[in-house]
Every structure is written in C-alpha cells, then in structure tokens.
Amino acid sequence: MATTTFGKGCHLHLIDGSAFIFRAFHALPPLTRKSDGLPIGAVAGFCNMIFKMVEDNSGPDAPTHVAVIFDKGSHTFRNEMYDLYKANREEMPEDLRPQIPLTRAATEAFNIACKELAGYEADDIIATLSCQARAAGGRVTIISSDKDLMQLVGDGVEMFDAMKNKRIDRDGVFEKFGVYPDRVVDVQALAGDAVDNVPGAPGIGIKTAALLINEFGSLEELLDRAGEIKQPKRREVLTEKRQQIELSKKLVQLDCETPLDFTLDDLEVREPDAEVLMAFLAEMEFRTLTRRVAEKFGLDTPAISENPVETTGDAPAAPDAPGFDKAVYTCIRDTAALETWIARIRERGYVAVDTETTSLDEMKAELAGISLCVDAGEACYIPVGHRDGAKGDLFGSDDLAEGQLSLDVVLTLLKPVLEDDSILKIGQNMKYDAKIFARHGIAVAPIDDTMLMSYALHGGLHNHGMDLLSETYLNHVPIPIKPLLGSGKSAITFDRVNIDDATGYAAEDADITLRLWQVFKPRLHGARVTTVYETLERPLVPVLARMEMSGIKVDRDTLSRMSNAFAQKMAGLESELYELAGRSFNVNSPAQVGEILFDQMSLEGGKKTKTGQWSTPADVLEDLATLHDFPARVLDYRQLQKLKSTYTDALQDHINAETGRVHTSYAIAGANTGRLASTDPNLQNIPVRTEEGRRIREAFVAEPGKVLVSLDYSQIELRILAHTADIPELKQAFADGIDIHALTASEMFNVPLAEMTPEIRRRAKAINFGVIYGISGFGLARNLRIPRAEAQGFIDRYFERFPGIRTYMDATIAFAKEHGHVQTLFGRRIHTPEINASGPQAGFARRAAINAPIQGTAADVIRRAMVRMESAIEGLPATMLLQVHDELLFEVSEEAVDDTIARAKSVMEGAAAPAVHLAVPLVVDAGKGANWAEAH
DNA sequence: CTAGAGCGCTCG
DNA sequence: GTACGAGCGCTCTAGC
C-alpha cells in the first residue's frame, strides 16, 4: 500500500483500548482458554470488536488510518497536579491483568498500530491525534464511550460506543452533559468525578453544573460572578472552593499537545498478515472467530483441539492429577535438599506452604515444621522443632534417626522465598501461618488462600475447613490428626509426633492445599467472584494478622475485683434461692430451675423444649417475675453468672503472659454473610447493654499516654436497606440526618415528628429491625410483647407505607430461587441451598436470604474500610485493634487522636466508593477514652 | 473420662 | 414453628 500523507478525505479511527477491555471484562461472560484456564474473555471481546470493524469498514466511510491507544502505567502528569487523582481507583482484577498484554498482541496481529505513552493517559493521546487530524483537514471517529472524551466531539469528530453500537455526536454529548462539547470540561470541573477522584464543587452535580454554565456562558465567567448567584449554598461553595474547581478543570482537560514519537501517517490502515493473525487466534483458541477470519481471507481453518468453554464455576477438577501417596513425600533434613526445593519453587513461581506447630493459639505456638508443595503429589516436610517424646529434648542435625535442621537455618533459607514478590505463597487459612512466620520476622507475601477462595465460591454451601474441601473437591479423605496427637489428658503436641508420621501428615496438607488451589483458582472468574476474593477476602489476611498480634491491653486487677464482687453477690442470691425453693439445687441447670418453677410451684405459662424439659429463657422468667421472687432472683443470678464465667473469669485466662494483652482471632470465612467472627476469646460480644455489664469494658484499656478511639457506623444496615430497596422517604431522612425510627413511626402512625413519644418510636424501631431480619407477625409480636394480630397490623401498614420494601423482599427471594444464591452490592455471593425447601425450613431460608444482602453489604463496607485503613493512618502513632461488625477500635497516642479520627472517619464514610455508589450517606460516630467503656 | 448436644446469654 | 448473623460456658448424657 502506498504511503499517503494524512489530509483532507482521510478518516482516522482511534480505539480506546484500555477502556474497551475493562468494560468488556465486566460486561461479557467470563471465558477461559480451555487448554490451560487462562482468562481471555476481554481479549475475545476485543478481537470480535476489531474484526467487526474490519468487516464493516469496507465501504466509503472506511477509515484510512486507525490506531488502538492504551494507558501506560498508573502515574501520569495529573498526579503531579493532584496526588489523589484516581486514588480511589480499584486495583485491576487479577483475571484482567494477563489479558492486557494479550490485547496488545491482538492489535498487532490485526496489524493495527498500537500506541501508548508513559506519563499520559490514553485519553490525552487520543485528544492529541484528534487535534492533529482535524488540523490536517481529516475526520475522526473515537471508538469509546468514556465521557471524558466527549469534550473532543464535534466539527468532524464523532464518538462510537462499540458495545452499544451507538454513535455519539454533538447532540449526544448535549444529552449527557446538558452542554455542547466545548463546555463539557466546565461542567465536569464543577460536577467532579467520584471514580477518578476529581473533587469538583461539593453538592453540585452534572445537572446543576450545566444550568450554571448555560446561564453564565463559561466556568471562568461563573467563578468571577459567583457573587450574583441567589442560592446561598451554591454561592458559598463556588466562592470558597474556587481553587479546587479550577484544579478540577485542569484535571479533566485533555492534553492536545502530548509529545508523540510518531505521526498520523504512521497510522495508515494496513492489511493484516493472514498467517500471523490466524496463528494468534488459534493460540487463543477462538474457534468461531478463527473460522470467520479464515473465510474472509479464503484460508483453511486450522484445527483447534478444544472449544473455548464458558466456565460456570463448576470446571472439572484436574482429571489427570496423580493420586495421594505418602511414600512420595520427603522429609528434609539437610541444607542441600532444602536448596533443591527452593530452586524448584523459584523456577515455578508458586508454592503451597503449611506450618505445623505446638498450639492452635498462634501467639503461643512454637514451630514444629514446615511443609511445601509445588507439584500435586510431591511434597516435603521440614522438621525444625521436633522433640524427644520422653525427655522433651530438641533433636539436632546429628541425631541419626530423628535428625532435623535448625529453625534458624531453615528460616534463613526460606525467608527470601516467602518474602519474594514474584513467588506466590499458597495456604489454607494463611492468616495462621503468616502470624507464625511474622513472629519469626518473616512477612509472607504475596499470598493466595484456598479457604478464602472457597468462601468466595461456596459461601453458604458448607464450611471451608481443609478436610471438608478435600473430601468435596478432591475426593480424598485426609489423614486424620487424632491418631497422631491423641486426645484429652494424654494428648501430645505436634513437636512430639515422630518425624516419619509427621512427614506423612504435614506434607499431605501442603499437597491438598496446592490441589485445592488448582481447582479453585480458575473457577473464581467463572463464578464472577474474583473481585470479591481479591478486594474483600485476601487483603484482609495481613490486616487481621496485625490486629490480632497487636491485641488489646486488659487489666487483670479490674477483672479480678469484679469477679470477686460477682461471686459475693451470687452467693447471697444462691442462698436466697434455696430459701425460696425450700431446698438446694443447681441454679445453673435450666432443667432444675424449670422443675421448681413449673412442677413444684405450679406457675403457669411454662413450655417445654424439644428434649422434653421445662424451658426457662429470660423472657419467660421476666413474665413470671411479676408473680414471684424466685424467677426474678434466677434472672439476677444468671446475669451475674454470665458476666463472671464468660467475661471476668475467662478473659483473665486469655491475657497473654508475654504481651499482657488479649489476642483474639478473627475468622474471615466464619459467618455466611461476610461478617467476621471473633474467637478465643470472642471480643465481639463484650457486654454493653446493661450498666453492670458495660463496666467490664473498663478493663479494656489503653497503654499510658494513649487512648482508645472507637468509630462506628450509624444505622448502616438501615441505610443499606433504604438504598437497596430504594425507599425515597428513608433515603431522604438519611440525607437530612433525621432520626430514622421517629420518621418511620411518624409515617406509619400519622404522628408528626414534633409529637413523637418514646413508646411509638420504640415500636417503629422494632419494626425497622424486623424488616432487616425478614419480618414475621409472630416474631414482631414476641419482640414487642403484643398480640400477634396487632403486630401483623403494624407490618401491613409498614408495607403499605413503604411498598418498595415488599418489592425488595419478593425480588430477593425470586432471585435466590432462580440462582441459588443472593448477593451483596459488592458482588459477594451467599448461597441459599434451602430456598426451595418446604416446611419451616422454607421460612428460615427466606428470612436468611432477605437479610444476607443487607448484613453482607454492611460487612463488605467495613472490610473495605479496614483494608484501606492502614495506609490512611500510616505515619500516625495509631493502631487498629478490634472490629465489632460496625465498629473499629484503635489505640492512639493522645496527641494524634484528632488526626486519627479525621482520617479513619473519612475512610469509613467513603468505604463503599468507588465500587458501589450509595444513594444514602454513610455516617460514622467517634468516641475516645482511657478505656473501652469511655470510648464507645 | 471425654465428646457433643442442648440451653441460655452476650454482642451487632 | 418463626425474627438475621455469630461464640462460649454450663449441664447432662451417651459411649469409651
């Protein structure tokens, strides 16, 4: 083809490559290459789009010049102007990352120019080329739907949305922005952009911005004459935020003078080399496209062994995986063998790791050994802390039968591998192993966690322990630990297990972990949970590990004194109860309490539990307490018993001898909804509702010179409900900062807000919570202690007043029935296997399905806040210690309290963006104090 | 003697 | 038969 000079009559097509594949990745079904599971959905979408253009563009309107433009790197000249530019941007999904070089390769295979420039966005290159083409008298079509490019439209420049197959001209831009292209930047400067983190003028959206620009003619005119604006808020924001608005304009204004090292003439359309193109398409295993391309060029279709298959989340396990064989596992007792393994790991780029220790408490556990696996079926165990069973002496390298390398030697060799950025460490519940290694000065990264992959894939279906996963997904029953350790008093710790047995057990764990990873990893994309796994599960591992290792200081003396006081009171109550009953009995036994109440005293209203004994829960005893002292005293006793046994006594046993602090453990995959669960001890249920219970929080203290700072989301679940079910009245109330329960009461009972009584508000509050739980007449009646018919009346009125709630509930259940799962706003899936059951099960399943998206979205929000928190408070003398579902607790040096609160609050309130745009504000309240009671 | 179910209570 | 989601201490019993 003869080289021509770009000029009049020429038509330039500019394809926004980065934006296209990002959109294609999310919009198209997830496709993986059959032969190796490589995700290629976005590449396929891209190739189809390019091919379609090649086919369509043989007419008179065909481009004479064409280029695909990509972003290069994330740092651009805009970050020099404003360091927060695109700071909200999500990390690229891992399944998309490998597709980017493939898309460049595809562009080259089609023999289309592929351009990018460090320090500039694709948009700037597109702007520059557009300007040059216009200056030369040619026409331009920008293949993109990015609104940031709309400022270029007009006068011979058009846009084309390839996904929607829609042209965008001057009028199209006007539709979107309310102004013509030459004023688009002015509108964008005012409206800002949450996704790119362009600040704009707070409170002004696109519509208002367009109104103002149309009235004043330009942004500069508007800012100069802002004083003339009637609305005080607008006037104020335009005056006070002038600098911010001007900066925003610079950020959205595209650069038409990007220093390019090529000219328009270099972009002239070239015929693809058919063989190169066919080879590429065949390599991608695009069967249909390969055939169509072959037809177009009149070539034979090359044989492609496998069809690309859309994975639905049920991709088969590797069919040719070797069986499990203990005999193949090796025990590593010398450095040469260890170095061979390390070389193998480096060559492979990933390794499954498991640690064996002397305790389930990571803060006390000593390392007994480490197992590794890089190929299914072949694993090793490196003993480092095994001891003689009788004497307890550590085996050395010269113990012939039981020799082992020293811990120091092994960790020195493994540390560079475990910390190597280019080697993926795979574990089952990696938080445990990461904490063990962290205590030895090793920061394990990067990681994958098979437990968390399973949680993202199968949440709600089953638990995610290794034994169950192995049986379910590998069809293999792992070696049980019981026979090795024994149980009860005679149980031994893993360091006393003989090394041969330990090798068989431990190496298998690494083997299983690797195989689970091989099964789960390619399924994430098909099940559309890659982003959930990568942004809500995996990044929490190091964050929680650090929180757990920090622990919280608990004052033993305070607890001890309270325990003594409780014991005294309980002793008094005990004798009083014996007196009232006329005999001694075990107050801790509900069965015996029931006997005395209902058999001996013949009080009315008793019900039996399913095991046939009298039921004596607190609400029943509360009713009986009006008739008799005995049930009243039992209630008093039970409260003290609970506080003493679970809190003031048990917590003391959890104070770590070395740190003097209590270190809880968070289960990331514990709760079905996405919530964390706290165990050993549970620090998410420390009393707060009663005065006496709340005093236990006085024992949770800050170090001298520091304070505890608590930040909690206000009404987060109701806010999410208002957004999700799209209830205008509730959204408005949250926007206006109105008391939501009072508002509900006012709407339901026709009582003006000014005349609200606590009792009416209390009822509305119970209904609001009931809605979140999948309300029933029975449940509300029991909660409010009113007749069931009356409760049902309330519910009916509520649905009448807020019909959107009913719509949401019905739609959620219908979704669950159709898909077998519900999901949160962030895409977390919660499976609902019982949703089609009948009988009482059906009710449970329906209520759980209604609740899960709300509770789960709230859980996702705080997870995101936690993941972002560490960098947000970096440099401040502040440590995040605890999470209690909607609360984060920090320990902060006194002088940094205000800064910490400001930064943490900002992270928490903005945690939904940019992945989710909530139509209600998130509000966070803060408190501080010397102890948790004061801070909360 | 040990493990596990059942009950009841704590939290969001 | 019923509010959603969790964990833990105590009693009691089945089974070694």
Side-chain angles (χ1 to χ4, degrees), chain A residues 460 482 486-491 585-594 607-621 634-635 637-647 649-651 653-654 664-667 670-690 692-694 696-697 712-718 721 766-784 788 791 795 830 839-856 858-859 862 882-887 936:
Chain A
K482 262 276 188 57
S487 68
K489 278 190 171 173
S490 59
F585 66 102
N586 187 346
V587 192
N588 284 323
S589 165
Q592 294 180 38
V593 168
K607 283 183 188 159
K608 300 226 171 163
T609 68
K610 59 183 169 184
T611 52
Q613 66 172 6
W614 289 110
S615 153
T616 65
D619 55 345
V620 170
L621 266 48
V634 171
L635 283 169
Y637 181 93
R638 279 191 185 167
Q639 193 199 355
L640 296 174
Q641 161 72 16
K642 179 72 178 182
L643 295 179
K644 182 169 186 296
S645 66
T646 307
Y647 300 107
D649 285 350
L651 269 176
D653 299 335
H654 282 285
T664 185
S665 179
Y666 289 101
N672 280 338
T673 52
R675 273 196 180 180
L676 301 179
S678 159
T679 62
D680 309 303
N682 181 355
L683 295 186
Q684 291 181 322
N685 69 347
I686 304 301
V688 69
R689 289 174 190 170
T690 67
E692 204 156 23
R694 183 158 50 236
I696 289 172
R697 294 187 175 220
D712 68 292
Y713 285 105
S714 158
Q715 311 280 15
I716 186 166
E717 292 191 356
L718 278 173
L721 174 72
I767 297 167
N768 275 334
F769 280 109
V771 165
I772 291 174
Y773 298 151
I775 199 156
S776 74
F778 184 93
L780 184 63
R782 208 177 58 158
N783 187 286
L784 284 177
R788 187 171 169 176
I795 295 170
I830 297 122
Q841 288 299 92
F844 282 113
R846 275 205 298 273
R847 290 193 296 272
I850 288 166
N851 175 258
I854 303 167
Q855 187 182 116
I862 198 165
L882 300 180
Q883 187 250 43
V884 192
H885 309 308
D886 65 358
E887 172 187 8
H936 188 78

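Order of the sequence lines sets the chain letters (A, B, ...), proteins ahead of strands, with each chain counted from 1. Excluded from the calculations below are hydrogen atoms, water molecules and symmetry mates; all remaining heavy atoms, backbone and side chain alike, are included. It should be emphasised that the depicted structure is a prediction, and the values quoted were computed from it without experimental measurement.
Contact annotation for A/Asp712: no contact, since no heavy-atom pair falls under 4.0 Å across all strands. Counting any heavy atom pair closer than 4.0 Å across all strands shown, A/Phe844 reaches sugar-phosphate atoms only and no base atom. Using a 4.0 Å heavy-atom criterion, one finds that A/Asp649 contacts no nucleic acid atom at all. Counting non-hydrogen atoms under 4.0 angstrom, A/Leu780 reaches a base of the nucleic acid. As judged by a 4.0 angstrom heavy-atom cut-off over every strand, A/Gly770 is placed among the base-contacting residues. Nucleic acid contact class of A/Ile686 (heavy atoms, under 4.0 Å, all strands): sugar-phosphate only. Backbone-only engagement by A/Asp886 is indicated by non-hydrogen atom pairs under 4.0 Å involving sugar-phosphate atoms exclusively. The residue A/Arg788 sits close to a base: some heavy atom pair falls under 4.0 Å. Here A/Ala766 lies in heavy-atom contact (under 4.0 Å) with a base. Among the atoms of the strands shown, base atoms are found under 4.0 Å from some heavy atom of A/Ser776. Within the 4.0 angstrom heavy-atom criterion, only backbone atoms of the sugar-phosphate kind lie near A/Gln592; the bases stay farther away.
Remark: P of B/dC11 and CD of A/Glu887 are 13 Å apart, rounded to the nearest angstrom. As rounded to whole Å, 12 Å separates atom C1' of B/dT10 from atom CD of A/Gln684. A/Leu643 places its CG atom 9 Å from the P atom of B/dC11, with the value rounded to the nearest Å. Rounded to whole Å, atom P of C/dT2 lies 18 Å from atom CG of A/Leu784. Remark: P of C/dA6 and CD of A/Glu717 are 13 Å apart, rounded to the nearest angstrom. Between A/Arg694 atom CZ and B/dT10 atom C1' there is a gap of 14 Å when expressed in whole angstrom units. Note: CG (A/Asn682) to P (B/dG12) measures 11 Å, nearest angstrom. In this entry the distance linking NE2 of A/His654 with P of C/dG7 reads 14 Å, nearest Å.
Taking only side-chain atoms of A/Lys642, from C-beta outward, the nucleotide of C/dG9, B/dG12, B/dT10 with the closest atom is B/dT10. Between C/dA3, B/dC9, C/dG5, one nucleotide has an atom nearer to the side chain of A/Arg675 than all others, and that is C/dG5. Taking the side chain of A/Arg689 as heavy atoms from C-beta on, and the options C/dT2, C/dA6, B/dG12, the nearest nucleotide is B/dG12. Residue A/Ser589 has its side chain nearest to C/dT11 when only C/dG5, C/dT11, C/dA3 are considered. Residue A/Asn685 places its side chain closer to B/dT10 than to any other of C/dT2, C/dC10, B/dT10. Comparing C/dG7, C/dC12, C/dC10 by their closest approach to the side chain of A/Gln641 singles out C/dC10. Of the candidates C/dC4, C/dA6, B/dC9, the closest approach to any side-chain atom of A/Ala618 belongs to B/dC9. Comparing B/dC9, B/dT10, C/dT11 against the side chain of A/Tyr647 picks out B/dT10 as the nearest. In the set C/dA6, C/dA3, B/dG12, the nucleotide with an atom closest to the side chain of A/Ala677 is C/dA6. Residue A/Ala650 places its side chain closer to C/dG9 than to any other of C/dG9, B/dC9, B/dG12.
Distance alone, capped at 3.5 Å, is enough to place a donor-acceptor pair between the A/Thr664 side chain and the A/Pro681 backbone.
A/Val587 has its side chain out of reach of A/Gln641: every pair of non-hydrogen atoms, C-beta onward, lies at least 4.5 Å apart. Side-chain contact between A/Thr616 and A/Arg638: present, with at least one pair of heavy atoms (C-beta onward) separated by less than 4.5 Å. Within the 4.5 Å cutoff, no side-chain heavy atoms of A/Leu640 are placed close to those of A/Lys644.
C/dT2 and B/dG8 are spaced 13 Å apart, taking the P atom of each and rounding to whole Å. Comparing C/dA3 with B/dC7, their P atoms are spaced 14 Å from each other, to the whole Å.
Closest heavy-atom contact between A/Ile716 and A/Ala858: CG2-CB, 4.0 Å. For the pair A/Ala766 and A/Asn783, the tightest heavy-atom approach, listed with the atom from each and the gap, is CB-OD1, 3.9 Å.
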Polar-atom pairs under 3.5 Å, protein N or O versus N or O of nucleotides 14-16 of chain C: list them with distances, or write none.
none

Please tabulate, for side-chain N and O atoms in residues 771-782 of chain A, each donor-acceptor pair with protein atoms closer than 3.5 Å (sequence neighbours left out).
unit_1	atom_1	unit_2	atom_2	d
A/Ser776	OG	A/Gly779	N	3.0

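Here A/Ser665 contributes atom OG and A/Asn682 contributes atom CG; the two are 11.0 Å apart, rounded to the nearest 0.5 Å. One distance of note links CG of A/Asn672 with CD1 of A/Ile830; it measures 8.0 Å at 0.5 Å rounding. To the nearest 0.5 Å, atoms OH (A/Tyr647) and CG (A/Leu683) are separated by 10.0 Å.
Within the cation-pi definition used here (under 6.0 Å to the ring centroid, within 45° of the axis), A/Arg847 qualifies as a partner of A/Phe844. Annotation: cation-pi geometry satisfied between A/Lys608 and A/Trp614 (NZ/CZ under 6.0 angstrom from ring centroid, within 45° of ring axis).
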Across nucleotides 1-7 of chain B, 5' to 3', mark each nucleotide with B, S or - according to how protein heavy atoms within less than 4.0 Å reach it.
-SS--SS
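Between A/Arg847 and C/dC4, a side-chain N or O to OP1/OP2 separation shorter than 4.0 Å is present.
For a distance-only test at 3.5 Å, the side chain of A/Arg638 fails to qualify as a donor-acceptor partner of the base of B/dT10.
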